[in-house]
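So the structure is just underneath, and the comments pick up after that.
Chain naming here is simple, since letters A, B, ... match the order of the sequence lines and numbering starts at 1 in each.
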Amino acid sequence: MAQTPSIPKGTRDFLPAETARRNYIFDTIREVFHRYGFQQVETPAMENLSTLLGKYGDEGDKLLFRILNSGDFLAGVPGDQLATRDSAAVVRSVADKGLRYDLTVPFARFIVQHRNDLVFPFRRYQIQPVWRADRPQKGRYREFYQCDCDMIGSDSLLNEAELVGIIDEVFRRLGLRTVVKINNRKVLAGIAEVIGQPQRITDITVAIDKMEKIGLEKVREELAEKGIPVEALARLEPLLMLSGDTGSKLLQLREILADSPAGMKGIAELETLFGYLEGFGLQTATELDLTLARGLHYYTGAIFEVKSLDEQIGSICGGGRYDDLAGIFGMPGVSGVGVSFGAERIYDVLTRLDLFPPHTGETTQLFFVNFGPREEAYILPVLARARQSGLRAEIYPDHDKMKKQLNYAHRKGIPWVALAGESEMAEGKVTLKNMVTGDQTLVTPEELIKIVGGAGINSEL
RNA sequence: GUGGAUGUAGCUCAGUAGGUUAGAGCGUCGGAUUGUGGUUCCGAAGGUCGUCGGUUCGAGCCCGAUCUUCCACCCCA
């Protein structure tokens, strides 16, 4: 036996049962997207690095998979870069393409490139894999699928509300109990402003994003390490500790952020959004979470994150408003907002909570045992008629032992087996065996199709 | 990118203080049953012990490197 082959770190194969379950998730999400009027697009796995670099922060740039240029890729590299083993410089010279890191940035590029062919405000969805050169962990892979929906070309907050509606419906259909956390980057900017540290918004948001995980003490330590003055910290803390329902938090914020125009704008946006949501009749809980920051730099308004209430696995869906992503690619003034569903994590949560429906896979309904050449000739037309009438049917390809053929049908979970040997052929009939009860009857081909077709609709096999 | 754990048959794992031909269960294949599956019984195949190198008379076991998987951090879906 040769060395067992393997696949790259952080990637996975999917067996038929897993694929069926994944498709159940994708199909559910897709249906909801359609219901809200979104249209599907696809973009290539690889993008030019100039498209990807600088959009996700330094950390994100490090996690980009780069694709080595074709041909003699070292020919144009300056000798001193090679001599000094300057990896960072060399990689810029030998790779100008990379695998996409998410679906949002390539979509911004797509919008700019195809603006003349699209109807704005444009609602698109996209279900494709993305790649990150991260170190794999539980619920974290190097290749994983994202299911994105975005509205672009409108800054109405009704779009934000619709996204929350989509989130609500997707997780309701999947049977998952979740909470949607909502915040606004302008409010975060206002907070940074009010405590006298407007330039430090990134450090501040990254740190307070960890509130829930590491607690106030550690957040305070981290911010102090980053050089935020003690007085600023003292003014920040009461903000993070705001309590009460969303309405009272907003009231308190209005007073605290009164001197920050950006902050007040953010509060107004949040008030409008939560106002819309009241009319949506959501089942999912929504809450204002001032510690929600999200790492991606391009967000400018609302930000969302969805957590499972029953499993700790990080966020299973996230997104936000980005006012100027298209601007980076030369199309300013086009605002967008979107969310991304993390299919892999949703899969893991559904698995652990045992929430998949019992039969997500479509197996064969009717199996024909192969008795040899003469019987094949007799059965093939019956098989064709079964398929024409909509049955999922197959014939065993070889004249193997009955035991082996029935075991194949059994292991594949096929509910009906048809046998036709000499005696059946003599009568122009087939023996139909029910693999659950073990019963078998002699029927005509017409009866066979009727029985399997009729039973297939409501049989719980 | 940093720190820690792990790696023995297709799968889950044993393997005693380094000592001849490395074991089990499950699965696979064959037979009992030449037209009847999930049970049972019998039998067989299957491993350069992740990889490379080192220590030793001798390494699955000790040491180093590397890769995989997992955990924590960073970050994130």
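- Although no hydrogens or angles enter the test, the distance criterion places no donor-acceptor pair under 3.5 Å between the side chain of A/D134 and the main chain of A/P136.
- Residue contacts shown for A/E424 include a base, since a base heavy atom lies under 4.0 Å away.
- Annotation: of the two residues near RNA chain B, A/K62 and A/Q440, the 5′-most nearest-nucleotide partner is A/K62.
- Between the OH atom of A/Y141 and the C1' atom of B/U69 there is a distance of 12 Å, rounded to whole Å.
- Contact annotation: A/K210 side-chain N/O to B/C74 OP1/OP2 distance is under 4.0 Å.
- Taking atom P in both B/U40 and B/G7, one finds a spacing of 32 Å when rounded to whole Å.
- In this structure, the nucleotide among B/A77, B/C70, B/G37 sitting nearest to the side chain of A/S315 is B/A77.
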Which pairs would a plain distance check flag for residues 214-221 of chain A, meaning a side-chain donor or acceptor within less than 3.5 Å of a matching protein atom at least two apart in sequence or in another chain?
residue	atom	partner	partner atom	Å
A/E217	OE2	A/R220	NH1	2.5
A/R220	NE	A/E237	OE2	2.6
A/R220	NH2	A/E237	OE1	3.0
A/R220	NH2	A/E237	OE2	3.3

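- With A/R142 contributing its side chain and A/T11 its backbone, the two residues share no donor-acceptor pair below 3.5 Å.
- Taking atom C1' in both B/G27 and B/U12, one finds a spacing of 11 Å when rounded to whole Å.
- For the pair A/D203 CG and B/C75 P, the computed distance is 10 Å after rounding to whole Å.
- A/L406 has its CG atom 18 Å from the P atom of B/U33, to the nearest Å.
- Each ring pair (Phe, Tyr, Trp, His ring centres under 6.0 Å) pair with one or both residues in residues 422-452 of chain A, not counting sequence neighbours, would appear here, but there are none.
- When the side-chain nitrogen and oxygen atoms of A/Q405 are compared with OP1 and OP2 of B/G37, none of them lie within a distance under 4.0 Å.
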Polar-atom pairs under 3.5 Å, protein N or O versus N or O of nucleotides 3-6 of chain B: list them with distances, or write none.
residue	atom	partner	partner atom	Å
B/G3	O6	A/R135	NH1	2.9

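- Comparing the same atom, P, in B/U16 and in B/G53 gives a spacing of 25 Å after rounding to whole Å.
- Contacts between residues 35-43 of chain A and RNA chain B, defined by a heavy-atom separation below 4.0 Å, involve no residue at all.
- The CD atom of A/E222 sits 6 Å away from the P atom of B/C75 (whole-angstrom rounding).
- Of the listed nucleotides (B/A77, B/C75, B/G37), B/A77 has the atom at the smallest distance from the side chain of A/E344.
- Of the two residues near RNA chain B, A/G10 and A/Q137, the one whose nearest nucleotide lies more 5' is A/G10.
- Within the nucleic acid shown, A/N407 comes within 4.0 Å of sugar-phosphate atoms alone, with no base atom in reach, counting heavy atoms only.
- The side chain of A/R140 contributes no N or O atom lying less than 4.0 Å from OP1 or OP2 of B/C74.
- Residues A/R345 and A/D348 are not paired through a salt bridge, judged by the lack of any N-O separation under 4.0 Å between the basic side chain and the carboxylate.
- The separation between A/R345 atom CZ and B/C75 atom C1' is 11 Å, rounded to whole Å.
- Base contact: A/L419 has a heavy atom under 4.0 Å from a base atom.
- In this structure, A/G57 reaches neither bases nor backbone, as no heavy-atom distance under 4.0 Å exists between it and the strands shown.
- As rounded to the nearest Å, B/G23 and B/G47 have P atoms that lie 14 Å from one another.
- We find that CG of A/D13 is positioned 16 Å from P of B/U68, with the value rounded to whole Å.
- Atom CG in A/L292 sits about 13 Å away from atom C1' in B/C76, given to the nearest Å.
- A/E18 has its side chain within reach of A/Y347: a pair of non-hydrogen atoms, C-beta onward, lies under 4.5 Å apart.
- By the 4.5 Å heavy-atom criterion applied to side chains, A/E162 and A/R123 are counted as neighbours.
- Contact between A/S340 and A/D148 at its shortest, heavy atoms only, is OG-OD1, 2.7 Å.
- B/A17 and B/U55 have their P atoms separated by 26 Å, given to the nearest Å.
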Review item, side-chain donor-acceptor pairs of residues 33-47 of chain A, under 3.5 Å, at least two apart:
residue	atom	partner	partner atom	Å
A/H34	NE2	A/Y125	OH	2.8
A/Y36	OH	A/G165	O	3.4
A/Q40	OE1	A/Y125	OH	3.1
A/T43	OG1	A/R100	NH1	3.4
A/T43	OG1	A/Q126	NE2	3.0
A/E47	OE1	A/R109	NH1	3.0
A/E47	OE2	A/R109	NH1	2.5

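- The ring of A/Y408 has its center closer than 6.0 angstrom to the ring center of A/F367.
- Between A/D209 atom CG and B/C73 atom P there is a gap of 14 Å when expressed in whole angstrom units.
- Distances shown here put every side-chain N or O of A/K403 at or beyond 4.0 Å from the OP1 or OP2 atom of B/G35.
- Listed for the A/D323 side chain is no donor-acceptor partner under 3.5 Å among the backbone atoms of A/S335.
- Of the options A/R140, A/R21, A/R22, a salt bridge (charged side-chain N to carboxylate O under 4.0 Å, His left out) to A/E344 is made by A/R22 and by none of the others.
- Considering only side-chain N and O atoms, A/K9 lies under 4.0 angstrom from the phosphate OP1 or OP2 of B/U68.
- Spacing of P atoms, B/G30 relative to B/C70, comes out at 35 Å, to the nearest Å.
- The side chain of A/R132 lies closest to B/A77, out of B/G35, B/A77, B/C70.
- Stem analysis of RNA chain B (at least three stacked-register Watson-Crick or G-U pairs, each with both distances under 3.5 Å) gives B:1-5 with B:69-73, B:10-13 with B:23-26, B:28-32 with B:40-44, B:50-54 with B:62-66.
- On the C1' atoms, B/C67 is 8 Å away from B/G50, given to the nearest whole Å.
- For the pair A/N184 (side chain) and A/K186 (backbone), a donor-acceptor distance under 3.5 Å is present.
- Here A/F371 does not lie in a stacked arrangement on the base of B/G35, lacking the combination of planes under 30° and ring centres under 5.5 Å apart.
- Residue-level contact check: A/G372 touches neither bases nor backbone, having no heavy atom under 4.0 Å from any strand.
- Contact annotation for A/K433: base contact, defined as any heavy-atom pair under 4.0 Å involving a base atom.
- Here the straight-line distance linking atom CD1 of A/I208 with atom CG of A/D203 works out to 11.5 Å at 0.5 Å rounding.
- Under the 6.0 Å distance and 45° angle rule, A/R177 does not count as a cation-pi partner of A/F171.
- Only the C1' atoms considered, B/A22 is 34 Å distant from B/G3, to the nearest whole Å.
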